[in-house]
Amino acid sequence: MNASDKTIVSLTHVAKHFGAVRALDGVDLTVTAGECLGLVGHNGAGKSTLMNVLAGTLSADKGTISVHGHDLSGRYSVSTAGENGIRCVFQELSLCPNLSVAENARIFHPSLTGFGWKRRAGDMIHAKLDEIFPGHGITPDDVVADLSIGKRQMVEIARAFTTTNAPLHLVILDEPTSSLDAVTSGQLLDFVRKVVGSGISCILISHVLGEVLNYADRIVVMKDGLVVASKPGSDFTRDTLVAAMGNVVEVEEIKDHQAFEAKRGQTEIVIEARSDTALDSVPLVAHRGEIIGLAGLASHGQTTMLLKIYDAAMRNKRTPKVDGPVALVAGDRQTDGVFHLWSISRNVGVRSLRRMVKRGLIDPLAEAALGREWQERIKIKTPDMDDNILSLSGGNQQKALFARALASDADIILMDDPMRGVDIGTKLEVYDLIRDEAAQGRTFLWYTTEMDELYNCDHTYVFRDGAIVADLTRDALSEEKILQSSFQESA
Amino acid sequence: DTSGKRIALSNNYAGNSWRQAMLGSWEKVAGQAVTDGVVAEAPAFTTAENQVTEQAAQIQNMILQGYDAIVINAASPDALNGAVKQACDAGIVVVSFDGIVTEPCAYRIAVDFKAMGKVEVDYLATRIDGGNLLEIRGLAGVFVDDEISAGIHEGVAEHSQFKIVGSVHGDWAQDVAQKAVAGILPSLPDIAAVVTQGGDGYGAAQAFAAAGRPTPLIVMGNRYDEMLWWKEQKDANGYETMSVSIAPGVGTLAFWVAQMILDGKDVPQDLTVPFLTVTQDTLEDSLAGTQPGGVANVEYSLEDAMAAIAGK
Amino acid sequence: MLAKLTSPRFLRAALPAASFTILLLAIFYVQPRAMSYFGMNLMLQYTVPIALATIAQMFIITVNDLDLSIGAFVGLTACIGATLLADTPVLGVLALAACVAAYAAMGALIHWRNLPSIVVTLGMSFVWLGIAVLVLPTPGGTAPGWVKSIMALKVPYVPFPIVAAVVIGCVVHVVLMRSSYGVVLRGAGGNPKAIGRAGWSLLKTKMVMFGAAGFFGVLSGLSLIGLTSAADAHIADRYTLYAIAGVILGGGEFVGGRVSPIGAVIGALTLALTGSFLTFLRISPDWQIGAQGGILILVLALRALINRREG
Amino acid sequence: MTFVKTLSQKAWIWSFVGMFAVWLATAVYTGGKGSADVLTAALSFATFTVIVGIGQMFVITTGPGNVDLSIPSTISLSGAVAMKIMDGSNAMLAIGFAASMGCGVAVGIFNYILIRVLRIPPIIATLSSSFLILSSAIAYGRGLKIKPPPLLADFTTAQIMGIPVLAIVIILLAAVMGVVLNRTMYGRSVLAIGQNMRAAWLAGINVERIRFFTYLLSAVLAALCGFLLSGFSGGASLNMGQEYLLASIAVVVIGGTSVAGGKANVAGIWGAAMFMFLLVTMLNTFGASAGIRLIMTGLIIVAVITIAGGDEPQR
Ligand SMILES: Nc1ncnc2c1ncn2[C@@H]1O[C@H](COP(=O)(O)OP(=O)(O)OP(=O)(O)O)[C@@H](O)[C@H]1O
Ligand SMILES: Nc1ncnc2c1ncn2[C@@H]1O[C@H](COP(=O)(O)OP(=O)(O)OP(=O)(O)O)[C@@H](O)[C@H]1O
Ligand SMILES: [Mg+2]
Ligand SMILES: [Mg+2]
């Protein structure tokens with residue numbers, strides 16, 4: 001009885017099938033009070049599905065679920081989860097874009113009614129944002145649609161931690177840091193430690209293994225719908241964790257991998273752009289075959305710059321100068337990327353239609369072949385590329401978008417933090433892919449919120465407040481330098 | 001003397017040939033009256049949509065503009081009463097025609113639609129021994145449709161040799177009628193005659209031809225295309241029928257009535273005008289007097305109007 | 001302060017009001033007599049039922065549906081109002097309540113089978129019209145006295161239609177935009193999945209919104225016969241399109257729960273006023289219909305100017 | 001069995017099921033008399049609805065808020081212009097046809113300018129332009145009712161073994177449009193834009209060009225409908241397009257095209273158009289009163305769509 005006192009939820013033999021796909025194949029999981037449980041696994045391992053079961057948004061085909069020692073199997077739903085203090089920040093954002101931040105907070109709390117509810121909801125979410133993300137720059141009256149994806153993610157996280165009269169025992173964070181920059185990620189993870197100290201539990205899913213290793217009390221590893229390891233966090237090292245996830249790829253330290261020779265000057269300039277601020281210290285320049293990193297804190301003008309370049313290329317504008325066809329890998333896949341009615345193949349092929357036209361008509365065989373080729377090359381985990389794109393796990397959807405751009409005829413690939421939610425194994429392969437393509441003359445503009453990825457780049461431009469404030473070559477690149485430029489007050 | 005007076009026409013619909021003919025007559029007669037200095041102004045206003053509320057608003061705007069008389073072809077007999085009453089209260093003379101209004105303060109130039117329906121069957125009784133009839137009605141829920149149809153049914157009750165075996169709504173539009181008739185025709189027995197409400201006879205003829213059925217006796221509605229078809233048939237095989245409808249020029253009668261009232265003349269509140277009948281003998285004349293795409297018409301001069309009133 | 005006044009969101013919100021004001025000024029310019037208590041009263045009277053129907057349509061658009069039957073429905077309630085409600089008030093009230101319930105049921109059906117609302121409401125528009133024709137085979141009937149007297153209300157200084165428009169706009173604004181349940185209703189348009197995940201019943205939101213639309217449809221029908229004093233099955237056919245156009249003109253969007261009740265009311269008034277403006281101009285009858293389109297385009301072209309600034 | 005199941009999941013199949021059921025009910029009522037002829041009639045009239053339905057389908061597929069309300073007046077204008085120019089002479093047929101197409105192109109460009117340059121929401125833009133177009137038709141022809149050239153009249157009413165020639169042509173057109181929708185860059189782009197305009201743009205699709213072609217196509221098909229319809233019904237009239245306003249939307253949606261955009265079906269338009277015609281015919285045959293007829297029409301439409309059910313909810 002004592003043990004179950006500390007146990008918040010326990011799932012046993014939970015199974016969930018989608019047609020032929022066994023997303024969950026008999027999973028056991030317990031969460032005890034006041035622990036931070038790290039959950040890792042390759043894309044499509046079943047993490048989000050498991051969390052959906054826990055949050056009550058999916059009902060399991062088999063297995064039991066008990067909360068605080070009460071068996072609730074069969075009558076578990078979103079509202080029972082809520083009543084029992086279980087909250088979830090889903091991988092795909094669940095805010096209403098047409099509502100303000102305060103109103104979105106209200107949605108979460110049925111008891112927030114009566115006169116003055118708006119002020120109360122606003123104060124509540126604002127206080128929580130202040131607590132988790134000091135300096136967040138969000139006001140309760142902001143309409144969610146006007147916020148960048150990073151800020152939306154912050155709002156959603158903060159919302160999950162707000163309390164009114166309902167209890168709060170467990171917060172599930174499904175890849176909460178995928179759209180946050182290093183600084184805000186750190187703020188969140190520190191907050192998670194603090195909350196855990198106060199007795200509330202968290203489940204933290206992330207593909208950035210460092211986050212899990214450093215912040216989780218216990219780490220659960222999933223693979224193909226099964227839990228394959230569950231040990232205290234301190235028992236894992238980066239290598240053993242990767243091994244447990246079943247990746248055969250040797251983990252090479254990216255930092256050491258490179259032997260970049262300075263290419264600059266050897267090939268012609270294909271992109272030359274300035275931000276709209278007129279405060280740039282240098283213009284953004286890309287030569288053919290270069291990989292250019294865009295760094296800085298999230299939404300400080302990097303995406304805007306990519307869109308500006310994209311727009312210029314699409315409309316044949318003179319400035320900024322863009323030489324060659326472009327393709328873009330969207331990071332905010334829900335609003336910028338997927339075509340939700342289409343199969344995976346079609347989603348991959350849409351940027352390459354022109355090549356698939358035979359005698360005026362799109363050749364379905366060519367389309368299917370392209371899909372298969374990229375399923376192979378980038379390891380999209382699905383039984384059938386003709387399945388709907390939304391049947392993919394989040395990371396696999398992202399891979400499909402990657403495939404869309406790489407498969408195209410574009411010489412210039414713009415990447416808007418493209419690795420959001422992609423697992424470590426795939427990432428390493430994609431890095432190789434990108435380097436190979438660059439070697440063959442493709443140019444990459446790569447906005448990323450993950451410091452490590454910048455070590456793949458020949459040049460890194462740091463953005464602050466919409467302006468380019470630094471141009472770091474590969475040799476000069478270091479985490480400190482980037483952080484320094486990101487925060488430095490303009491004199 | 002009405003030379004300083006302003007008369008406006010409030011028209012609810014302009015999307016068919018009858019209304020276009022009506023507007024044309026108005027422009028011709030009222031325009032001449034303005035040139036002659038009989039009245040100061042006589043503009044016509046049409047609403048974009050055939051809609052009671054729009055026309056009511058239009059009438060209210062006319063009140064605001066201070067017209068002395070408003071001539072109305074109304075979208076609904078009752079539903080404009082509110083606006084008409086306001087106009088009367090503002091001292092404006094209101095004359096309605098074709099689509100009349102029931103508000104007691106307004107003048108009405110009505111057509112006995114019921115009689116029009118009955119005339120059709122009476123005519124058939126003189127022509128054929130009896131048989132099956134197909135009835136093409138207008139727009140469901142509209143007063144004129146009910147009146148004409150009631151007249152037709154009354155006629156059929158009187159002449160028991162006729163039997164209505166099918167009834168469709170043609171919405172007074174040639175193509176709608178054609179479509180509806182084409183649909184029901186295959187399931188109908190031999191049709192001896194078609195009774196219509198105007199604007200739909202030619203469509204019915206087309207539908208019969210398309211179905212390969214013998215052309216029955218179709219009562220026409222004075223439209224140019226109907227008369228033209230009739231003429232062709234007449235020349236080819238001696239086809240014989242009749243045609244009946246209200247003349248679009250009745251609007252000009254309404255104009256003169258309004259003018260006379262403004263002039264202080266004594267005019268009865270309710271006038272009935274005869275409908276215009278085209279027979280086998282008058283067909284050529286009517287056809288010649290109608291412009292392509294128009295409707296057989298009679299325009300009224302002041303004298304005609306006086307005569308019409310006196311004849312009452 | 002100035003920054004706030006020139007912010008895109010404020011401009012966008014102010015757009016419908018700006019279009020309306022400009023149209024009104026143009027009308028005052030060509031017909032100064034309209035600029036009076038009496039004139040405004042006359043000119044705007046018939047906008048009250050249109051505004052109510054527009055609000056009804058707005059509720060439906062809020063939850064990402066579209067109602068092609070609101071015009072026929074207003075016609076039906078007008079017919080019931082001018083017959084049953086006047087003759088046997090109890091029966092009339094019951095019939096109108098049943099109409100509202102039928103609307104809510106329509107919402108439930110659409111949610112339950114995940115149906116395209118356009119087809120369902122198109123089908124239902126025939127049903128409403130059919131019932132209306134049965135209730136009132138030929139135009140006529142009389143509106144109950146109390147309905148007429150409400151619509152004939154004389155408010156000092158401010159014309160009644162303006163008072164009514166402000167009241168309608170504000171009441172709906174408070175309920176939909178300010179109340180705590182209104183947030184859930186709009187959220188159901190913005191991201192239904194999120195609302196479901198937060199534990200709310202989407203079925204209930206649909207039924208509430210369709211029910212509300214039905215209720216405002218009834219109000220629209222009654223206010224209409226209050227003005228006309230008699231009914232006609234086809235009396236409001238065109239309201240369907242007007243209501244949709246009014247919502248959009250008022251800054252609403254077809255999907256995503258982005259609507260504005262005050263904007264919708266203003267949009268309805270703007271649409272209705274284009275007709276009036278026309279009567280005050282002298283245009284050849286051939287081009288009068290077209291002129292109404294032209295005026296609409298002119299009024300809306302203003303938006304392009306402001307949108308340009310938005311970038 | 002699995003064949004039946006996959007078939008029943010296709011939204012468009014239900015329009016054909018509805019059509020067949022209604023036709024059968026009529027045949028039973030009349031004891032089979034003229035059942036084949038009813039189908040012939042249905043084919044002839046559905047043809048016109050299908051022509052405008054195809055255009056409307058492409059417009060609706062480009063996403064919520066996109067709908068062409070100017071179709072009816074474009075039909076009227078095109079018919080009036082063509083009839084007046086041809087003036088019943090076979091020799092002028094080609095010129096008349098070109099003029100009619102010209103009307104369509106002009107209307108399409110005008111609509112698109114309103115939507116694009118003046119940024120007027122499509123539904124209001126096309127509503128406004130429909131007023132202007134109707135006025136042009138009035139000013140141009142005043143409801144002119146000139147007979148079509150005999151050649152055109154013969155062509156539009158000709159039949160081969162009980163099947164209207166025009167219907168065969170339009171079935172072919174529909175087949176071509178089906179291929180255009182599913183197998184060409186243009187069709188794919190329309191489907192992509194309908195799902196997510198921003199994502200389509202970012203996937204390299206020239207959004208505005210596609211939207212332009214779509215509104216142009218709708219207007220041109222409306223013009224074609226006007227041209228053929230005035231040949232079929234013996235001349236143009238001002239109100240001849242009126243019934244195609246709601247009908248064009250209805251057949252598209254009943255035919256399985258999603259109003260939310262991105263999902264379209266051409267075959268379903270034929271089923272839906274036939275269904276709508278046969279439905280009216282059935283109720284006319286039953287001879288019920290107008291009120292009952294209307295109620296039945298509505299309930300049957302709702303019933304068919306309810307049985308068909310909506311889209312499966314996405315993950
Ligand atoms: N609605 C669905 N229909 C069909 N298959 C699904 C559905 N939802 C999930 N799946 C499949 O279930 C498996 C597990 O998916 P899940 O989203 O749980 O993965 P994940 O571990 O969260 O991956 P990621 O790290 O990429 O987010 C995947 O193979 C996915 O394709
Ligand atoms: N720079 C951009 N970034 C993201 N989406 C865009 C961008 N430009 C256009 N789009 C998307 O594609 C749609 C149509 O593209 P297009 O650029 O032709 O229109 P627009 O941006 O409104 O035009 P303009 O920039 O000439 O005023 C837009 O409505 C928008 O959704
Ligand atoms: Mg996941
Ligand atoms: Mg990240």
Side-chain angles (χ1 to χ4, degrees), chain A residues 51-52 55-58 77-84 86-90 92-122 141-146 152 155-156 159-160 164 166 172 276 304 334-335 340 390, chain C residues 3-4 7-13 58-59 61-65 114 116 173-205 208-209 247 250-261 263-264 310-311:
Chain A
M51 293 305 109
N52 273 301
T57 45
L58 277 180
S77 71
V78 182
S79 37
T80 31
E83 285 156 19
N84 285 291
I86 299 174
R87 309 261 181 84
C88 186
V89 176
F90 294 94
E92 310 296 350
L93 296 184
S94 312
L95 298 174
C96 296
N98 57 329
L99 303 183
S100 72
V101 171
E103 288 170 337
N104 268 291
R106 142 76 183 137
I107 299 283
F108 231 59
H109 296 286
S111 62
L112 254 183
T113 55
F115 190 75
W117 66 267
K118 205 166 201 163
R119 196 180 32 77
R120 276 181 281 139
D141 285 338
D142 286 342
V143 175
V144 167
D146 296 343
R152 274 183 254 165
V155 171
E156 191 162 358
R159 182 176 76 164
T164 44
I172 301 165
D276 292 328
T304 314
Q334 274 177 305
T335 51
H340 63 276
L390 294 188
Chain C
K4 191 154 187 192
S7 82
R9 195 163 351 128
F10 176 81
L11 284 177
R12 221 178 303 150
M58 187 201 68
F59 282 125
I61 289 181
T62 307
V63 283
N64 299 343
D65 284 319
N114 196 20
H173 181 84
V174 167
V175 170
L176 192 62
M177 312 301 282
R178 292 268 152 171
S179 82
S180 56
Y181 192 61
V183 170
V184 178
L185 295 174
R186 282 182 293 131
N191 187 350
K193 212 155 72 181
I195 296 294
R197 278 173 171 176
W200 301 96
S201 160
L202 287 171
L203 175 68
K204 192 175 150 200
T205 57
V208 167
M209 285 312 238
V247 174
E253 284 172 29
F254 281 103
V255 285
R258 288 193 188 86
V259 293
S260 151
E310 221 178 280

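In what follows, every heavy atom counts, from backbone to side chain, and hydrogens, waters and symmetry copies are set aside. First the proteins, then the strands, lettered A, B, ... as listed; each starts at 1.
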Contacting moiety of A:Thr113, where chain C heavy atoms sit under 4.5 Å: both
Portion of A:Ile107 that has a non-hydrogen atom of chain C nearer than 4.5 angstrom: both
Winner by heavy-atom pair count (cut-off under 4.5 Å) against chain A, out of C:Gly199, C:Gly196, C:Ala188, C:Ser179: C:Ser179
CA sep, side-chain torsions, deciding dist, call: A:Ser100, A:Asp141, side-chain hydrogen bond (donor to acceptor under 3.5 Å, both in side chains): CA-CA 5 Å; A:Ser100 72; A:Asp141 285 338; 5.1 Å; no
Distance in Å, A:Asn104 CG paired with A:Arg152 CZ, rounded so as to fall on 0.5 Å steps: 11.0 Å
Backbone N/O of A:Gln334 and side chain of A:Glu92: donor-acceptor pair under 3.5 Å: no
Short side-chain to backbone donor-acceptor contact, C:Trp200 and A:Phe108, under 3.5 Å: no
Largest heavy-atom contact set with chain C, pairs under 4.5 Å, which of A:Val144, A:Leu112, A:Leu99, A:Thr57: A:Leu99
